[in-house]
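Every value quoted in this text rests on a predicted model; they were computed, and no experiment measured them. One-based numbering, in listed order, for ligands and for the atoms of each.
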Amino acid sequence: MNLILRVLIFHCFISILYAHFGPKYSPEPFYSLPNTVNNPNVPLDIDCALRAFAIEMANYIAPPPFKSNWTSLVESAIQFNQCHNTSRTHPHLQPSSPPTKSNQQLCNNSFYVHHSKGNDFFDGSFQYPFQTIQTALDHVRLQRQINPRLTQNTSCIIIRGGTYYLGTNASTTTSQKGVIALTSNDSNLIIKNYEDERVILSGGTLLDLKWSFHSKASTGGNIMKAEIPLWVNVDEFNELYIDDQRAIVAKYPNGDPSTQGLYADHPGFSYDSQGWLSPIRRSSVEIHVQEPYRNGTFFPYHQFGIGGGASVFDPPRNFWSTWSPPAGGNYGVPSGLVVKNGALPNLPKWSNPSTGFVHAFHSGYWGSWVFDIESVNSSQNTIVFGKGGFQEARGSDQGGPFYVSNIFEELDSPNEWFLDQTSRTLYFMPNDTMPNVFVASQVPCLISLGGSDINDPVENVLIQGLTFTQTSNTYMKEYMAPSGGDWSVHRGGTIYMRNTKQISIVQNVFTELGSNGIAIIDYNEQNSITWNEFAWLADSGVIVVGTTNGIDGYSVNSQPTNILIESNLFRETGIYMKQSSPVLIAVSRSIQVVGNVMFNMPRAGVNINDGYYGNHSISRNVIFNSVRETSDHGPINTWDRQPYLTDAVQPNVPSLWQHVTYIDHNVLFNNYRSVWPIDHDDGSCIYEDSYNFQVYGGKKNYLGHSKTDHHEIYVYSDLSTGGFGSNNCLNNYAPQRGVSAWNENWIENTCILYSRTSPYNLENCDVSDLYIPYVASNKIYIPPGSREIFYCKVNGTMMELNLQQWQSYGIDKGTVVNDAPDVNTIIDWGRKMLQG
Ligand SMILES: *[C@@H]1O[C@H](CO)[C@@H](O)[C@H](O)[C@H]1NC(C)=O
Ligand SMILES: *[C@@H]1O[C@H](CO)[C@@H](O)[C@H](O)[C@H]1NC(C)=O
Ligand SMILES: *[C@@H]1O[C@H](CO)[C@@H](O)[C@H](O)[C@H]1NC(C)=O
Ligand SMILES: *[C@@H]1O[C@H](CO)[C@@H](O)[C@H](O)[C@H]1NC(C)=O
Ligand SMILES: *[C@@H]1O[C@H](CO)[C@@H](O)[C@H](O)[C@H]1NC(C)=O
Ligand SMILES: *[C@@H]1O[C@H](CO)[C@@H](O)[C@H](O)[C@H]1NC(C)=O
Ligand SMILES: *[C@@H]1O[C@H](CO)[C@@H](O)[C@H](O)[C@H]1NC(C)=O
Ligand SMILES: *[C@@H]1O[C@H](CO)[C@@H](O)[C@H](O)[C@H]1NC(C)=O
Ligand SMILES: *[C@@H]1O[C@H](CO)[C@@H](O)[C@H](O)[C@H]1NC(C)=O
Ligand SMILES: *[C@@H]1O[C@H](CO)[C@@H](O)[C@H](O)[C@H]1NC(C)=O
Ligand SMILES: *[C@@H]1O[C@H](CO)[C@@H](O)[C@H](O)[C@H]1NC(C)=O
């Protein structure tokens, strides 16, 4: 195909895109979208019956010891109290402490650690424990050096209850090396709590401060100040945890990012931008792989840009940094912000704006950015950005709602703090009485497991029964654009793994963290993350991210493989990073996400960033309250804009096609701004979706192919609250022969419509030239007394067909249309399907 023709066709697709998703490209007013758990389109009793079923299913999938906890948490998060007509509150729950099983019998050698009774000169026995985990590890290593045969035996570090401030005088501050840094020499190791004692590993240091009065805030409160000891690393002191909760970095508008976001009545974001300074565009070196390419797809080529505008990423590479990436625009972010007059009332008073950050949503609400402030001109109401904006990979010329943080003059509200790094002075405004325990973050990563390479992995390590908390934030550290999805990702976490095998992370609590919970990067095999709780995280829960050599993901074994993420509880993730999710899968093989409960996050619960390899299973999860602050997403989101060579189809034979990925038996509650329960976005292909109970939203196919949807239950799929789209059971967007929407199947599904009567939105439907998914044997339910409508062109005119007329064209065989039953009958179908 010649270039001009290709460009013409490309423009044609872009206009199709605009037709459907026009709002994506300009800032959307968000005020009209729901900020609530409940679906305003449906009576409360129906909504409550469905909410009760989500609670029941969370209880059903919960591991036995957690049943009552998971149930009460979900009951609270889904605001079931509303259903009893009592007052509504935003849940802010304390993490539960999971009971731990005793597996000391596995230990050949055990060393004990006790933070207050221990001493590093003791022998590490139960009676004479060490004081620090590091000393216990030194002894394991020493013992193995003396007697190498012991390397094969399992050594245990058993930690007694108490708080261990691993951030104190820590020698590492990267996100990839923990205070406890295990290498392949540390294989066959267990690090766990003693019996059911509560062991807290803090990434901070406990501050013993002498407070004095500094000044009266303009708003009336007292600003207190204290000097920070010299041994505290002020560069990593970017989070302050007070009485075990994240305190608020002085900000405007006021509001606690942990409990206030776009979902809240008082979001703590300003909508008063006047305009955004243009991106500074720099050309990247464009890599377009012409051969091999994926025939018959909208996204046939592997392509990306290096350097130039992509230099803000590490490595300096981004799918979106080409001049005209498919279905998008060249990456760039605003270089500054102009606010409306008076929108930042303290702006003229800012004495040192360069300490500040601007947190801003992407104009399409696809994520958020953070920028350093380089300079301000208060007479021009202008803030010029320095570094930043790389926390999302697509970019946009404009931002959305924003807030400014870490500026001294904005310290005017209870629980806000500001650190003057130069004078080492901490300022804090208490509510009335001073709180007790102040912890300064010092490190982002507590435990790392890093083999030197693929052939020298850390193997067979169990980490169990620990609480990880109070780490530094990492949103200004290095971010990578891992593949063709929208995501960029900070490849670091509280637990970091690279070159590992058979690592188990079991029954831990990850709470009040500045970064991701667990980062599984590059080669890792057969690891499992089970029975953990993740809550109040600044970024994502578990990130699983591999790399390739460009299109070659076949001969490079640097991808996570066979990772099990099972029976975990994820909630309140993405406190700062709005493009984040409880689970991110990028460039990985065979990831299983099973039996997890996920709620209260800004974007999807599970995001699959690309079509690399496939063979993932997303099964038996209960996901609700997702997409609380962003747009154009759902509880599960997928993309596939970039082909890779792997041997997914046939062992030892590289091909550009992937293995099937399975999404089944999930309860997906499409509330807040979720549009599609399973958002198979740009180019997603080769999925089998089945037996999912999907509330308030329909099926989405967009620019992809080869997806099968069967035995699904779609409940009131016409009632999505996400603002646009998904008013039907099945939505087939922008089908193009030879390019997308081929081999799509929608069979044996049950779909109940609440008020509409048209089950399908099949674009370009024309009976004389049918190019639609294979539809058959479905059960469609419409409001009693109404008549079903199938829209399709007949003799060139769009017609409203009844079932019989529709089927007369030889399509949708075996499909029946009936009156919708009551919600309890529908729930009963779900119960039989999911609990049978
Ligand atoms: C979790 O369950 C335990 C035991 O039933 C209970 O003591 C604890 O309060 C629960 N925690 C929450 C947050 O519900
Ligand atoms: C709660 O009850 C009051 C009084 O009975 C009623 O007016 C109100 O509509 C109810 N609210 C909901 C959400 O049902
Ligand atoms: C190491 O393990 C082997 C077999 O598992 C056992 O026989 C041996 O006693 C262990 N050595 C020590 C020092 O525990
Ligand atoms: C050492 O560990 C192995 C494997 O867990 C176990 O079979 C063996 O009994 C242990 N040996 C001792 C002496 O504890
Ligand atoms: C950190 O190290 C410094 C210098 O060695 C020491 O003075 C200080 O007491 C240490 N801090 C803590 C909390 O141990
Ligand atoms: C592992 O142990 C071997 C043998 O004691 C030593 O040579 C090597 O440096 C150690 N590797 C690391 C990463 O500590
Ligand atoms: C692409 O696929 C179509 C349909 O399968 C086929 O007709 C065409 O020849 C293929 N083109 C190439 C270049 O392989
Ligand atoms: C702010 O902008 C005004 C008008 O362009 C200009 O005169 C002034 O010098 C600027 N101030 C600073 C601090 O750059
Ligand atoms: C301050 O105290 C008031 C009254 O006790 C309480 O309602 C409010 O939530 C507190 N604010 C903060 C930020 O703790
Ligand atoms: C697919 O994933 C499963 C685990 O869910 C694994 O056992 C199987 O080997 C994988 N198959 C392929 C072809 O990778
Ligand atoms: C379409 O055209 C054909 C042939 O002209 C005619 O028989 C048929 O009735 C028309 N169908 C409709 C729905 O108008």
Side-chain angles (χ1 to χ4, degrees), residues 115-116 118-120 131-132 134-135 163-173 179 202-209 227-234 236-237 274 277 336-339 341 347-354 373-384 424 437-443 470 502 524-530 544 546 553-554 557 559-566 585 587-595 608 611-620 644 646-655 657-665 686-688:
H115 73 115
S116 59
N119 186 313
D120 284 345
Q131 191 183 21
T132 64
Q134 292 92 321
T135 301
T163 302
Y164 296 78
Y165 291 100
L166 300 186
T168 301
N169 282 333
S171 59
T172 164
T173 56
V179 176
S202 166
T205 192
L206 183 62
L207 299 175
D208 180 14
L209 300 170
E227 199 182 314
I228 297 300
L230 279 173
W231 49 266
V232 173
N233 179 354
V234 287
E236 284 289 320
F237 180 179
Q274 177 82 50
L277 305 185
L337 164 65
V338 184
V339 300
N341 241 337
L347 184 63
K349 286 187 276 176
W350 291 359
S351 53
N352 188 7
S354 67
I373 294 179
E374 192 174 281
S375 63
V376 302
N377 187 326
S378 61
S379 63
Q380 300 280 82
N381 289 327
T382 298
I383 299 175
V384 176
R424 305 183 67 90
V437 185
F438 289 78
V439 173
S441 72
Q442 293 286 276
V443 294
Q470 297 167 337
Q502 288 169 346
N524 293 276
E525 210 173 325
Q526 295 167 45
N527 295 354
S528 59
I529 316 288
T530 52
V544 188
Y554 169 74
N557 191 9
Q559 304 83 30
T561 301
N562 280 319
I563 308 293
L564 176 68
I565 302 170
E566 185 171 21
I585 299 170
V587 193
S588 299
R589 300 190 189 89
S590 312
I591 310 302
Q592 297 178 68
V593 182
V594 184
I608 302 180
Y612 179 87
Y613 196 90
N615 193 37
H616 312 306
S617 289
I618 317 295
S619 307
R620 299 183 191 281
Y644 290 97
T646 72
D647 65 349
V649 176
Q650 209 183 322
N652 306 316
V653 179
S655 96
W657 299 107
Q658 61 262 52
H659 195 285
V660 186
T661 281
Y662 308 92
I663 302 182
D664 59 277
H665 295 94
I686 318 192
Y687 279 88
E688 181 177 337

Requested in this report: Give yes or no for whether the N/O distance cutoff of 3.5 Å, strictly under, is met between N169 and ligand 5.
Outcome: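 Yes.
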
Query - Under-4.0 Å heavy-atom contact with ligand 10, by part of R589 that carries it - result: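 R589 to ligand 10: no contact under 4.0 Å from either part.
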
As an exercise, identify every atom of ligand 10 less than 4.0 angstrom from a heavy atom of [X].
X    : result
N562 : 4 (C), 6 (C)
Y613 : 12 (C), 13 (C), 14 (O)
S590 : 1 (C), 2 (O), 10 (C), 14 (O)

Examine distances only and state if a side-chain atom of [X] and a backbone atom of [Y] form a donor-acceptor pair shorter than 3.5 Å.
X    : Y    : answer
R589 : N562 : no
S441 : E236 : yes
Q442 : N169 : no
T661 : H616 : yes
D647 : V653 : no
T382 : Q380 : yes
Y644 : Y613 : no

Requested in this report: May I ask you to check whether S379 and N377 show a side-chain donor-acceptor distance below 3.5 Å?
Outcome: yes

Nearest non-hydrogen protein atom, [atom]:
atom                    : result
atom 3 (C) of ligand 10 : N615 ND2, 3.7 Å
atom 2 (O) of ligand 8  : N377 ND2, 2.2 Å
atom 12 (C) of ligand 5 : T168 CG2, 3.6 Å
atom 4 (C) of ligand 8  : Q380 CD, 3.7 Å
atom 7 (O) of ligand 5  : W231 CD1, 4.5 Å

Query raised in the report: Would atom 9 (O) of ligand 10 count as contacted, meaning some protein heavy atom under 4.0 Å?
Result: no

Query raised in the report: How does S375 reach ligand 8, by side chain, by backbone, by both or by neither, if only non-hydrogen atoms under 4.0 Å count?
Result: neither

Requested in this report: Using distance alone, determine whether Q592 and ligand 10 share an N or O pair under 3.5 Å.
Outcome: yes

Query - Closest heavy-atom pair and its distance - I383, L277 - result: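 In terms of heavy atoms, the two residues are closest at O-CD1, 4.3 Å.
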
